[in-house]
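Here the structure comes first, spelled out in structure tokens, and everything after it is commentary.
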Amino acid sequence: MIFRLSLFLALVSFSFAAQATFEHKYEFTLKKDERASVEVTELANSKVQNFDFYWTLFDTNKIVIHSKFRKYPRQFVLSMKRNLNWATQTLIPDYTNPHIDKARLILEFSNFQGKEAKLTVYIEDKEARLMVRFLDPRKPETFTPTEEANNQNN
């Protein structure tokens, strides 16, 4: 009886779990020390800031990533193991209502093949307070998801 009840409660809790949705997503393929950037503009005050990152060392299933945002350098060691393959960076502080006002960047280590790392950037911005541009070193033009969608519709 207790097993059935716990199984029922587990199924109910999983059925109400929300799927994470991201307003922006982009996949970078980078060689060692190749730098990429995400340009973030706060729409409230037109302040432009860049999240810059690159990787320096790969070891069987771990990668060392260096980043800089708001002049503060950080270093991450990400792994291909589940839940160790991503790092997060707050883009706009969430003082008033942390669960709703969240504006953050998630950097995910997706794959490593042929001396190149695949890193996926997700931007969560439910309140639409940011304008985001992905600056890919392999593409000379800057990339904005909304511009690409408009170009595909024409």
dist Asp33:CG -> Lys31:NZ (nearest 0.5 Å) comes out at 12.0 Å
Output for pair (Gln89 CD, Phe76 CZ), nearest 0.5 Å, gives 6.5 Å
Assess whether side-chain contact (heavy atoms from CB on, under 4.5 Å) is satisfied between Phe53 and Val121, documenting all intermediate values. CA-CA 11 Å; Phe53 63 97; Val121 175; 4.0 Å; yes
Sorted by chain and residue number, the side-chain hydrogen bond (donor to acceptor under 3.5 Å, both in side chains) partners of Gln49 (sequence neighbours excluded) come out as Arg70
message = Hydrophobic clusters here meaning ILVMFWY residues chained together by side-chain heavy-atom distances under 4.5 Å, can you tell me if Tyr54 and Ile63 are in one?
response = no
Arg104 meets the salt bridge (Lys or Arg N to Asp or Glu O under 4.0 Å) criterion, sequence neighbours left out, with Glu124
Sorted by chain and number, sequence neighbours left out, salt bridge (Lys or Arg N to Asp or Glu O under 4.0 Å) with Arg138 holds for Glu34, Glu116
*asked:* Is there a path of hydrophobic side-chain contacts, each under 4.5 Å between heavy atoms, that joins Leu30 and Phe51?
replied: yes
For Leu91 and Phe69, the nearest pair of non-hydrogen atoms, with its separation, is CD2-CZ, 3.7 Å
Test side chain to side chain contact (heavy atoms under 4.5 Å, CB included), reference Phe22, set Ile123, Leu105, Ile106, Thr120, output is Ile106
Check your understanding: Between Tyr26 and Phe134, what is the ring plane arrangement, given parallel below 30°, perpendicular above 60°, and tilted in between?
Key -> parallel
Applied to residues 57-68, the side chain to side chain donor-acceptor pair (under 3.5 Å) test, sequence neighbours excluded, yields Thr56-His66
By side chain to side chain contact (heavy atoms under 4.5 Å, CB included), Ala103 pairs with (sequence neighbours left out) Ile92, Asp125, Arg129, Leu130
Across all chains, not counting sequence neighbours, the side chain to side chain contact (heavy atoms under 4.5 Å, CB included) partners of Ser37 are Asn50, Asp52, Leu135
Checking Asn111, Asn85, Ile65 against Leu119 for side chain to side chain contact (heavy atoms under 4.5 Å, CB included), the one that qualifies is Ile65
If you count heavy atoms of other groups shown closer than 6.0 angstrom to CD of Gln75, is the number above 12?
yes
All heavy atoms of Met80 vs all of Phe109, minimum pair found to be SD-CE2, 3.3 Å
Smallest heavy-atom separation, Leu43 atom then Ala128 atom, equals CD1-O, 3.6 Å
Quiz item: Between Trp55 and Phe112, how do the two ring planes meet: parallel, tilted or perpendicular, split at 30° and 60°?
Solution: perpendicular
